[in-house]
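Comments concern the structure below.
Order of appearance sets the numbers: ligands from 1, and atoms from 1 within every ligand. Note that the structure is a prediction, hence the values are computed from the model and not measured.
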Amino acid sequence: MSGDWRVHVDATRCIGAGICAGIAPEHFALDDGLSHPLVERVAPDDVLLDAADSCPMEAVIVSEADSMRRIAPED
Ligand code: SF4
């Protein structure tokens with residue numbers, strides 16, 4: 001669907017702190033100490049912005065699915 005967001009976890013940055021899954025358990029799960037999005041393409045959900053802004057490694061990237069324009073974290 002147009003307007004969707006894309007959720008990505010940069011596995012090279014994630015340290016498995018679990019904050020993203022704590023904030024948004026419906027969007028993230030930890031496996032072997034690394035977070036991954038449960039679904040990569042999702043309807044916009046503000047909790048994803050909180051998760052991206054709260055990750056200490058800035059490993060959670062939220063973008064517009066079609067344009068790939070980055071939404072969070074903010075530069
Ligand atoms: S908050 Fe960041 S570092 Fe922690 S598990 Fe999530 S993606 Fe990894």
Identify, by atom number and element, the atoms of ligand 1 in contact range of [X], meaning under 4.0 Å from any of its heavy atoms.
X	result
G18	4 (Fe), 5 (S)
V60	7 (S)
I15	3 (S), 8 (Fe)

To check your reading of the model: name the closest protein heavy atom to [atom], its residue, and the distance in Å.
atom	result
atom 8 (Fe) of ligand 1	C14 SG, 2.3 Å
atom 2 (Fe) of ligand 1	C55 SG, 2.2 Å
atom 6 (Fe) of ligand 1	C20 SG, 2.3 Å

Atom pair CD1/SG of I19 and C14 - distance to nearest 0.5 Å =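 Interatomic distance, I19 CD1 to C14 SG, rounded to 0.5 Å: 10.0 Å.
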To the nearest 0.5 angstrom, please state how far the CD1 atom of I23 sits from the CG atom of D53.
->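 With rounding to 0.5 Å, CD1 (I23) is 9.0 Å from CG (D53).
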Same apolar cluster (I L V M F W Y, side chains within < 4.5 Å links), V39/L49 |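 Hydrophobic grouping puts V39 with L49.
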Given side chains that start at C-beta, do those of E26 and L38 come closer than 4.5 Å, heavy atoms only?
->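 No; the side chains remain at least 4.5 Å from each other.
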Electrostatic pair E40:R6 at N-O distance under 4.0 angstrom |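 Answer for the salt bridge query: yes.
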